[in-house]
Amino acid sequence: MKSGALTIEQIGPFRYRIPRSSRPDMNTDGMMFLNDALLAAMHGDESPAQVANVATLPGIVGNSLAMPDMHWGYGFPIGGVAAFDAQNGVISPGGVGYDINCGVSLTRTAFTLAEVKPRLSKLIDRMFEHIPTGVGSHGALKVTKPEFEHVLTSGARWAVERGMASEEDRLHMEEEGCLDGADPHQVSERARERGFDQLGTLGAGNHFVEVQVVKKVFDEKTAAAFGLFEGQICIMVHSGSRGFGYQICTDYLPVMNKAADKYGIALVDRQLACAPLTSEEGKNYLAAMKCAANFAWVNRLTMHHHARHVLTDVMDTREERGAYRLVYDVCHNIAKFEEHKVDGKPRRVCVHRKGATRSLPPNHPLLPPAYRHVGQPVLIPGDMGRASWVMVGDENALTESFGSAPHGAGRLLSRHAGAKLMRGEEVRQMLARRGIIVQARSKATLAEEQPDVYKNVDEVVNVAAGVGLAKPVARLEPLGGIKG
Amino acid sequence: MSDALATSYRIEDHSGDFKLEAWGRDCLEALASASQGLVQQIVSLDQIEEREQLPVTVRGDDQAERLIAFLNELLYLVYTRHWLPRRVKLLRQCSQKDCTELEAVLTGEPLDAARHEVKYDIKAVTYHNFQIREEGGITTLEFVCDL
């Protein structure tokens with residue numbers, strides 16, 4: 001098959017290769033995990049070319065990868081994963097994205113569908129009142145400037161000290177909710193200014209807080225380890241580092257463009273601007289990126305905290321910390337040093353995941369004790385009308401994808417195309433007829449985020465399971481949510 | 001010097017984001033058109049009054065860097081300083097060889113939540129597929145915004 005000038009070969013179930021011989025500048029093969037339906041859903045967009053573009057970057061180890069929810073992004077494709085050698089490879093802000101450490105958290109509760117359903121409308125209304133949403137939302141969490149610096153270096157530890165999460169919650173976060181080595185000196189005043197009052201705010205676009213019910217459990221043992229059971233109410237949060245992260249990426253792209261020139265790195269797309277991991281420019285970006293990652297973890301924990309208070313209040317019960325716990329928190333826009341086996345030998349690499357979730361199998365040393373025997377929860381949000389999934393890391397992910405899995409359903413239609421399908425109020429009413437209550441700051445957001453603009457997340461999960469990137473644990477369905 | 005208010009841009013679909021194409025008789029006029037197209041996506045220009053002037057200077061080693069820096073400056077003003085530009089007057093010719101700065105005077109007003117509906121949270125103007133084309137006396141800029 002040809003996609004533009006590229007050759008795409010199906011080399012097995014769910015595996016489509018872009019051979020490096022497709023283009024003279026590719027340093028390695030591209031590998032896309034898809035099925036026929038997901039391939040067709042890409043409508044011939046430019047994401048395969050973006051997979052090939054990433055393959056041109058120096059020091060890339062293994063294949064340039066794309067997860068089943070891949071689609072056209074800027075620079076890296078959305079769903080792109082690439083690992084770079086710690087000594088000879090590069091770091092690229094475009095491989096992380098503007099919304100640094102955008103990610104997902106899932107909280108389990110002790111409540112069942114039967115208990116919450118009669119109060120659902122009130123619950124969603126109260127969440128909408130208490131969690132700032134929408135463009136430029138601010139003011140959820142008042143911090144002093146010294147405290148803000150502490151957030152940037154300590155991440156979730158700061159939230160635990162403030163009583164917004166438990167120590168157990170913190171352990172159930174990727175990297176335990178903090179990337180060490182964050183250096184606020186590498187962050188501009190402008191980034192601070194843009195992000196200072198946005199802690200604890202949801203933002204706009206595809207971000208959400210959603211009340212979900214565990215509809216079906218597929219793996220009883222793992223679900224039990226995660227504290228999940230059928231009929232249980234859970235809360236999912238999807239948000240990132242807000243304007244703070246956007247500004248850090250904006251600030252560093254010109255720096256990286258100059259660095260690429262300085263170190264003789266040819267760029268096929270300036271959004272792929274990068275610097276050697278060992279260079280001053282590369283180290284400075286990583287130190288700043290870590291500040292944004294830590295900001296994002298506190299951001300999601302703050303919303304988790306507010307959602308817990310609203311839930312206990314609406315349910316007219318005393319707060320039960322033991323029952324209200326973070327199942328896990330994953331980042332899906334990040335670059336991190338990790339150790340992976342390459343050609344049978346351990347190798348330290350910097351894994352870029354741009355719209356991809358880390359997926360670790362059982363017995364991995366980075367897992368919290370409670371999940372050591374089952375593997376890492378892989379959280380895959382879908383759309384507001386169908387489903388989201390909890391999967392668990394599979395051994396095969398380490399050999400296929402540097403321990404990575406999809407991060408969502410993946411977009412099928414553009415925002416403008418979505419807006420033409422159905423107006424926001426019609427979307428709200430359509431969902432209400434199905435028993436799903438949605439509150440949004442902007443009606444346009446509802447139109448642009450309606451279920452049909454996304455691929456069917458079940459397809460994405462099937463491919464991820466078919467490749468062995470992760471295994472299905474539970475399918476959760478939305479009951480209601482808030483958006484920007 | 002360029003001073004545009006005419007609609008000389010169009011929006012095209014791009015996955016979860018959008019692509020903006022703007023044109024003018026030269027680079028600066030195209031940038032002024034692009035600026036208006038960008039702001040229009042956030043707040044309707046009809047809602048913005050020309051009450052204040054704000055000088056802006058951005059730097060960049062090459063033309064693409066300066067133009068993107070300028071467009072990102074507008075996003076900073078809107079989302080962080082809560083100030084809405086309506087008219088963009090560009091003062092310095094960005095194609096001069098020794099020029100690393102781009103100067104402009106913006107006319108607009110502070111954001112007022114009671115009168116201005118902010119529609120989108122545009123994260124940034126990206127370098128992806130950024131193009132400057134000159135054909136038949138018309139300069140066209142094309143860029144992708146991350147939403």
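Residue numbers start from 1 in every chain, and the chains themselves are labelled A, B, ... in the order their sequence lines are given, proteins ahead of strands. If you're wondering where the values come from, they're calculated on a predicted model, not measured in any experiment.
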Counting only heavy atoms not in [X], do more than 12 fall under 6.0 Å of its [atom1]?
X: A:R192; atom1: CZ; result: yes
X: B:Q131; atom1: CD; result: yes
X: B:R25; atom1: CZ; result: no

Looking at side-chain heavy atoms only, is the closest gap between [X] and [Y] below 4.5 Å?
X: A:N257; Y: B:Y127; answer: yes
X: A:R441; Y: B:V118; answer: no
X: B:Y79; Y: A:V135; answer: yes
X: B:R81; Y: A:R194; answer: no
X: B:E12; Y: A:H416; answer: no

[atom1] of [X] to [atom2] of [Y]: how many Å apart, nearest 0.5 Å?
X: A:D99; Y: B:L147; atom1: CG; atom2: CG; value: 12.0 Å
X: B:D121; Y: A:S442; atom1: CG; atom2: OG; value: 11.5 Å
X: A:S241; Y: B:K123; atom1: OG; atom2: NZ; value: 9.5 Å
X: B:I68; Y: A:Q271; atom1: CD1; atom2: CD; value: 7.5 Å
X: B:E73; Y: A:T250; atom1: CD; atom2: OG1; value: 11.0 Å
X: B:H128; Y: A:F76; atom1: NE2; atom2: CZ; value: 13.0 Å

**Least distance between heavy atoms, A:R270 atom then B:A64 atom** =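 Minimum heavy-atom separation between A:R270 and B:A64: NH1-CB, 3.5 Å.
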**Prompt:** Hey, are A:Q247 and B:Y76 close enough side-chain-wise for a donor-acceptor pair under 3.5 Å?
**Reply:**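 No pair is found: no donor N or O on one side chain lies under 3.5 Å from an acceptor on the other.
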**Residue, of A:G73, A:A444, A:A204, that accumulates the most heavy atom pairs under 4.5 Å with chain B** =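 So the answer, after comparing A:G73, A:A444, A:A204, is A:G73.
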**Message:** With chain B as the partner, which of A:R190, A:Q198, A:Q50 has the greatest number of non-hydrogen pairs under 4.5 Å?
**Reply:**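 The candidate making the most pairs under 4.5 Å is A:R190.
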Of the backbone (N, CA, C, O) and the side chain (C-beta and beyond), which part of [X] lies under 4.5 Å from a heavy atom of chain A, both, or neither?
X: B:N129; answer: both
X: B:V125; answer: backbone
X: B:I122; answer: backbone

**Asked** Where on A:E448 is there a heavy atom nearer than 4.5 Å to chain B: the side chain, the backbone, both, or neither?
**Response**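 Side chain only.
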